[in-house]
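As structure tokens, the structure follows; a few thoughts come after it.
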Amino acid sequence: PWVAQVQALRWFRDAYLKASPIGRDLVRFYYAYSPPLARVVHHQPVLRGMVRVVLQPIADLARGARPTPGDPHG
């Protein structure tokens, strides 16, 4: 059910975060610490819901920043 959000977040990572030193540091931090956290969240429905509540606005911003097909600025 989170396919569109995950795609938007991946696009944001690739288009913006990987383009700057601070962004690359954030990506490294994410990949270092998210797998163990994801394992915990996977088994806790309440935590999973809380994470989605936090991530939804971030994914919405990423989706809004993503150019649409045919956009002359994309």
Side-chain angles (χ1 to χ4, degrees):
W2 266 63
V3 171
Q5 290 89 339
V6 170
Q7 288 174 339
L9 292 169
R10 287 178 179 161
W11 173 84
F12 185 80
R13 174 200 63 201
D14 295 342
Y16 287 100
L17 294 179
K18 287 184 174 182
S20 73
I22 292 172
R24 286 189 295 273
D25 288 341
L26 286 171
V27 170
R28 276 193 290 275
F29 178 86
Y30 170 79
Y31 282 111
Y33 293 99
S34 70
L37 291 173
R39 282 191 290 276
V40 171
V41 168
H42 177 74
H43 297 290
Q44 300 293 328
V46 172
L47 283 177
R48 192 168 48 245
M50 290 169 57
V51 167
R52 287 182 177 177
V53 166
V54 170
L55 287 179
Q56 184 64 57
I58 297 167
D60 289 343
L61 287 171
R63 287 172 73 183
R66 188 175 187 176
T68 56
D71 183 351
H73 298 93

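As a basis for the values below, the full set of heavy atoms in this structure was taken, side chains included, without hydrogen atoms, waters or symmetry mates. By convention here, the first residue in the shown sequence is residue 1.
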What pairs with Ile58 under side chain to side chain contact (heavy atoms under 4.5 Å, CB included), at least two apart in sequence or on another chain? Leu9, Leu55
Give me the atom names and distance for the closest heavy-atom approach of Ala59 to Ala8. O-CB, 4.0 Å
Counting only heavy atoms from other residues, nucleotides and ligands, does the tally under 6.0 Å from CZ of Arg48 exceed 12? yes
Using the rule that two of Ile, Leu, Val, Met, Phe, Trp, Tyr join whenever any of their side-chain heavy atoms come within less than 4.5 Å, decide whether Leu47 and Val54 are in one cluster. no
Taking transitive links into account, so neighbours of neighbours count too, which hydrophobic residues share a cluster with Val3 at under 4.5 Å side-chain distance? none
In this structure, would Val6 and Trp11 fall into the same cluster of hydrophobic residues linked by side-chain contacts under 4.5 Å? no
For the residue pair Leu17 and Arg24, establish whether any side-chain heavy-atom pair is separated by less than 4.5 Å. no
For residues Gln56 and Trp2, determine if any side-chain heavy atom of one lies less than 4.5 Å from a side-chain heavy atom of the other. yes
Grouping I, L, V, M, F, W and Y whenever their side-chain heavy atoms are under 4.5 Å apart, do Val40 and Val51 come out in a common cluster? yes
Looking at side-chain heavy atoms only, is the closest gap between Gln7 and Arg63 below 4.5 Å? no
What is the distance from atom CZ of Arg66 to atom CZ of Arg10, rounded to the nearest 0.5 Å? 11.0 Å
Do Tyr31 and Leu26 belong to the same hydrophobic cluster, where Ile, Leu, Val, Met, Phe, Trp and Tyr are linked whenever their side-chain heavy atoms lie under 4.5 Å apart, directly or via other members? yes
